Amino acid sequence: MKIGLVIQGPFESYGKTGKTISYSSLRIAREKDSMQNYDCVPNVERLCNEAKNKFSNVVISSWKDEKFSNLEFDCDKLILLDNEEKYGAKVGVLSGPRQWNNVYKQAKTTYEGVTALNNLGCDFIVKIRTDMWFDLNILHEIAIKAYNEKKILGTNELRNGTRFLEMDDMVLGAETKTMIRWFDSLIHWKFHWGSHDA
């Protein structure tokens, strides 16, 4: 069994912090500094270093950005996509001044990362974000358990209980063929209204 890891997202992020993760849009608008800029590069470097002894393969998938054009990471593949015009829509309400939180770009980068891990022979894939810290020992153990029990891995308990059927953008893991089908449908049909829609 080969478990692959996709580290997906921008190298500079904008969003909630751990402290403000459960804040509503209204509360975010009221409270200063509830949304912050975040340099993801040190976190991605740490994730790559920790993942190489746990996951079979590691792929980073993001978009080209001149500010980060010379980055190198200790991973199996670094994917930097061109900014295609068709992925310029569906920007979230809380995406910030540069409109980082683009739902279609998230789906496209995940799809490309998942496809790369499929080509490397991975049976199960876990997708995480460039801007979040994870204990990869625990994540790998949970991924093995999910694979053996034929389950999907997600973190929806962090959210409102009414959102239990949604695709999660924090941690998502499934058999490779499921991940490919899911993200292929997102980028081709564009039926979703947010990054978490079922």
Side-chain angles (χ1 to χ4, degrees), residues 1-11 13 40-41 43-65 68-88 90 102-132 134 136-155 167-192 195-197:
M1 166 186 46
K2 289 182 70 176
I3 298 180
L5 180 70
V6 176
I7 305 170
Q8 175 276 326
F11 296 119
S13 183
C40 305
V41 174
N43 189 55
V44 174
E45 290 172 339
R46 183 194 63 79
L47 289 169
C48 287
N49 289 334
E50 291 182 15
K52 65 184 173 188
N53 296 321
K54 297 166 189 64
F55 290 86
S56 301
N57 299 100
V58 178
V59 169
I60 299 166
S61 189
S62 188
W63 294 84
K64 287 182 182 173
D65 185 331
F68 300 102
S69 60
N70 297 318
L71 292 177
E72 291 184 21
F73 297 100
D74 189 7
C75 63
D76 294 289
K77 186 167 187 177
L78 172 61
I79 300 169
L80 298 174
L81 300 175
D82 289 318
N83 277 302
E84 298 176 53
E85 196 170 303
K86 65 182 175 181
Y87 296 104
K90 298 304 277 186
N102 183 308
V103 176
Y104 291 154
K105 283 187 173 185
Q106 181 187 84
K108 176 67 172 169
T109 49
T110 303
Y111 175 77
E112 294 300 331
V114 166
T115 300
L117 287 170
N118 178 54
N119 293 338
L120 291 169
C122 291
D123 305 295
F124 190 92
I125 296 172
V126 178
K127 176 250 183 218
I128 60 176
R129 291 169 32 161
T130 55
D131 62 356
M132 297 185 76
F134 295 94
L136 294 182
N137 287 314
I138 294 172
L139 188 59
H140 187 258
E141 288 174 20
I142 293 169
I144 291 171
K145 186 176 179 184
Y147 176 80
N148 289 335
E149 295 179 4
K150 299 195 179 303
K151 292 184 177 178
I152 291 174
L153 172 64
T155 53
M167 176 196 81
D168 194 44
D169 77 330
M170 294 185 189
V171 175
L172 185 65
E175 289 185 359
T176 302
K177 63 183 179 184
T178 302
M179 293 286 274
I180 288 174
R181 288 176 184 160
W182 179 256
F183 286 98
D184 182 56
S185 71
L186 288 180
I187 61 177
H188 282 93
W189 295 101
K190 298 185 179 181
F191 62 85
H192 56 304
S195 56
H196 314 291
D197 284 359

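As the structure is a computational prediction, the values presented were derived from the model and not from experiment. FYI, side chains are in, hydrogens and waters are out, and symmetry mates aren't considered; it's all heavy atoms of this structure.
- In this structure, A107 and L186 approach most closely via the heavy-atom pair CB-CB, 3.9 Å.
- Within 6.0 Å of CD on E72 lie no more than 12 heavy atoms contributed by other residues, nucleotides or ligands.
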> After noting the C-alpha distance and the side-chain angles of M1 and I144, does the key distance pass the side chain to side chain contact (heavy atoms under 4.5 Å, CB included) rule?
Replying inline: CA-CA 9 Å; M1 166 186 46; I144 291 171; 4.0 Å; yes
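- Residue pairs meeting the side chain to side chain donor-acceptor pair (under 3.5 Å) criterion with at least one partner in residues 110-125, sequence neighbours excluded, are K108-E112.
- If you take NZ on K52 and CG on L5, they are separated by 14.0 Å, rounding to the nearest 0.5 Å.
- Here the side chains of K105 and L81 are not in contact, with every heavy-atom distance at 4.5 Å or above.
- Between R46 and E50 there is a salt bridge, since at least one side-chain N of the basic residue sits less than 4.0 Å from a carboxylate O of the acidic one.
- Two residues are said to be in side-chain contact when any heavy atoms from C-beta on lie closer than 4.5 Å; T109 and I79 fail this criterion.
- Between L80 and F11 there is a side-chain heavy-atom pair separated by less than 4.5 Å.
- The shortest heavy-atom contact between C75 and I60 is SG-CD1, 3.8 Å.
- Between A146 and F124, the closest heavy-atom pair is CB-CZ, 3.8 Å.
- Within the 4.5 Å cutoff, side-chain heavy atoms of L153 are placed close to those of V171.
- Annotation: the span from Q8 atom CD to I128 atom CD1 amounts to 10.0 Å, rounded to 0.5 Å.
- By the 4.5 Å heavy-atom criterion applied to side chains, E175 and K150 are counted as neighbours.
- Put simply, the side chain of F73 does not reach to within 4.5 Å of the side chain of I7, judged on heavy atoms.
- Separating the CG atom in L47 from the CG atom in D74 is a distance of 12.5 Å, to the nearest 0.5 Å.
- The minimum heavy-atom distance between I3 and C122, with the atom names listed, is C-SG, 4.3 Å.
- Between T176 and L117 there is no side-chain heavy-atom pair separated by less than 4.5 Å.
- No donor-acceptor pair closer than 3.5 Å links the side chain of K54 to the backbone N or O of L139.
- At least one side-chain heavy atom of F183 sits under 4.5 Å from a side-chain heavy atom of L172.
- Pairing each heavy atom of V59 with each of A116, the nearest pair is CG2-CB, 4.1 Å.
- Scanning both residues, C40 and P10, for their nearest heavy atoms gives SG-O, 3.5 Å.
- Between the side chain of N43 and the backbone N or O of M132 there is at least one donor-acceptor pair closer than 3.5 Å.
- More than 12 heavy atoms of other residues, nucleotides or ligands shown are found within 6.0 angstrom of NZ on K2.
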